[in-house]
Amino acid sequence: MLYDQRETPYLDAAMRYRTIGYTPFHTPGHKLGKGAPAGLREYLGDVCLEADLAMAGAVEDTRESTGLIRLAEDYAAQAWGSDRTWFLVNGSTSGVHALLLALCGPGDTVIVPRNAHKSMLAGLIFTGAMPLYMEPAIDPLWGIPLQVRAADALTALRAAPDARAVFVTSPTYNGLGADLRGIGALAHDAGVPFVTDQAWGPHLRFCPELPVDAMTAGADAAVVSTHKLISGITQSSVLMARGERVNLARLDGMVHMTQSTSPQVLMYVSIDAARQQMAVHGAELWRGAIELADWARARVGELPGLRCLGRELLARDGVAEFDPTRLTISACALGLTGYQLETVLRDDYRIAVEAADPLNIVLNVTFGDRREDVEMLIGALRDLAARYGEAAGGGGAAVCSGLLSHTPPFTRQVLSPRDAMFAAAVARPLAECAGEVSAEMVTPYPPGIPVLGPGEEISAEIVAYLLEASATGLKVHGPEDRTLRSLRVVA
Ligand SMILES: Cc1ncc(COP(=O)(O)O)c(C=O)c1O
């Protein structure tokens, strides 16, 4: 049956609940706001608290993906072109976990990109599977990961013909898309499921001017963060799959293992509404956003000392597509690191960016932005360029740039991430760690690619890199000792 994408079955049911006006003897304890403390009421407002509905007996028992929720998920399945979708309340993180739990188990091999989000590594720890990495190149100018190439997937598939899945992250944080069709075809030729982390691509399906989405490109499963770039509220995401190579019943079980048993009704409502908005108006809304973002990109390019990443990267390693609505901006030539640029914009111009790294800031342009918002951004950057002027060398940014250009290569996966994570481990001074096996994950930002995962051999190059990184103050996620004076290694 073909659903009318203008309809919003879950949103309508939530509205009905409010209109009828039930007396709630159910969770949450604030009872539609009546018992909420004054500060919370002031911040959220009565409407928001009234909408914080309970699950059982209210809109529907949200612990069961049947009835109404299943209906709303089926609308979404058609909109995103899959056989089945699941509404997620623990972000795409939980979708990645569920996918890996459904596809592999202890000792299995999964082909994964080295630039995957850390939820992928956590999924490997949960499952006990072994990663076989595909390593994307790092762009020396921007210090960001490019993309895995079809050739990388082919090499990995030849090395591990029994792999349980080929997993690709696309688009990246900076909007760089992989050759999904090419990689998917290689995986399928080898009889291996092809799955994608498309957290930064909930919108792709709905506008032909954006990069191809995973399901159109033939993926067996994808996870998208509806809260990142479309109208889902924070933490809401959607997992989608086709049944040909993925066991949907097993995946269903894993989804329920990775979700809260008290899902937030507001998230379901927002996913239902976001799906409708995209399916009905997505193309025109995103065309407007693309136009605004391209306008901003061109203006930034005219400002002295500033640059904005664009389609020129399409020619680079593995980068087959580009999402122009992601703005990666550098002011290195003004001597500003990405962190400094973020701070100046926030403190002096009241502009909040999506993220900063040592070299760049990243901003999202969506259909929620107005032309005056983007003009204000450009005005601030113009002012800032005049204030800071061209500085020779680029200061801190130059140091980070040097460091990023020689990210050490992956060494060897000696133990599975899970075995290493749960093995007896000791903290060793970093300088003495060469030759040991890491018991933790170490991820410098950027490029956000783990330099070490649990179970990997630590090389002298990695030690040298981390010593230099800690001396230059690069942010590092993962290790217990965030100062990087020591690392935990398998005893
Ligand atoms: C590539 C990628 N995958 C997955 C995630 C996790 O998504 P969520 O925040 O929805 O859990 C992120 C978060 O930034 C991400 O960048």
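Every number for a ligand or one of its atoms is a count from 1 in the order of the listing.
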| said: Looking at Asp152 and Arg149, is any side-chain nitrogen of the basic one under 4.0 Å from a carboxylate oxygen of the acidic one? | reply: yes
| task | State whether the side chain of Arg346 and the backbone N or O of Val353 hold a donor-acceptor pair below 3.5 Å, judged by distance alone. | result | no
| query | Mind checking whether Tyr268 and Tyr10 have parallel, tilted or perpendicular rings, split at 30° and 60°? | reply | perpendicular
| query | Which ligand 1 atoms, with their elements, are less than 4.0 angstrom from a heavy-atom of Thr169? | reply | 1 (C)
| field | Those atoms of ligand 1 less than 4.0 Å from some heavy atom in His227 | value | 8 (P), 9 (O), 10 (O)
| Is Glu440 reaching over with its side chain to a backbone N or O of Glu480, donor-acceptor style, under 3.5 angstrom? | yes
| remark: A student checking ligand 1 against Ser237 at a 4.0 Å heavy-atom cut-off should list atoms 10 (O)
| field | Ser94-Thr258 side chain donor-acceptor pair, cut-off 3.5 Å | value | no
| said: Per the side chain to side chain donor-acceptor pair (under 3.5 Å) rule, what does the pair list look like for residues 96-111, sequence neighbours excluded? | reply: none
| remark: Contact region, Thr93 to ligand 1, non-hydrogen atoms below 4.0 Å, reads both
| query | Counting each atom of ligand 1 from 1 as listed, which ones have a heavy atom of Ser225 under 4.0 Å away? | reply | 7 (O), 8 (P), 10 (O)
| query | Identify the closest protein heavy atom to atom 4 (C) of ligand 1: which residue and atom is it, and at what distance? | reply | Asp197 OD2, 3.3 Å
| task | Around atom 8 (P) of ligand 1, find the nearest protein heavy atom and jot down its residue, atom name and distance. | result | Ser92 N, 3.4 Å
| field | For Gly91, the ligand 1 atoms whose distance to one of its heavy atoms is below 4.0 Å | value | 10 (O), 11 (O)
| query | Quick one: is the NZ or CZ of Arg114 closer than 6.0 Å to the six-membered ring centre of Tyr133, and within 45° of its axis? | reply | yes
| Closest approach of any protein heavy atom to atom 13 (C) of ligand 1, naming residue and atom | Lys228 NZ, 2.9 Å
| request: Verify the distance criterion only: is there a donor paired with an acceptor across the side chains of Glu354 and Tyr173 at less than 3.5 Å? | output: yes
| Of all the non-hydrogen atoms in the protein, which one sits nearest to atom 16 (O) of ligand 1, and at what distance? | Trp200 NE1, 2.8 Å
| request: Quick one: look up the protein heavy atom nearest atom 15 (C) of ligand 1 and list residue, atom name and how far away it is. | output: His117 CD2, 3.5 Å
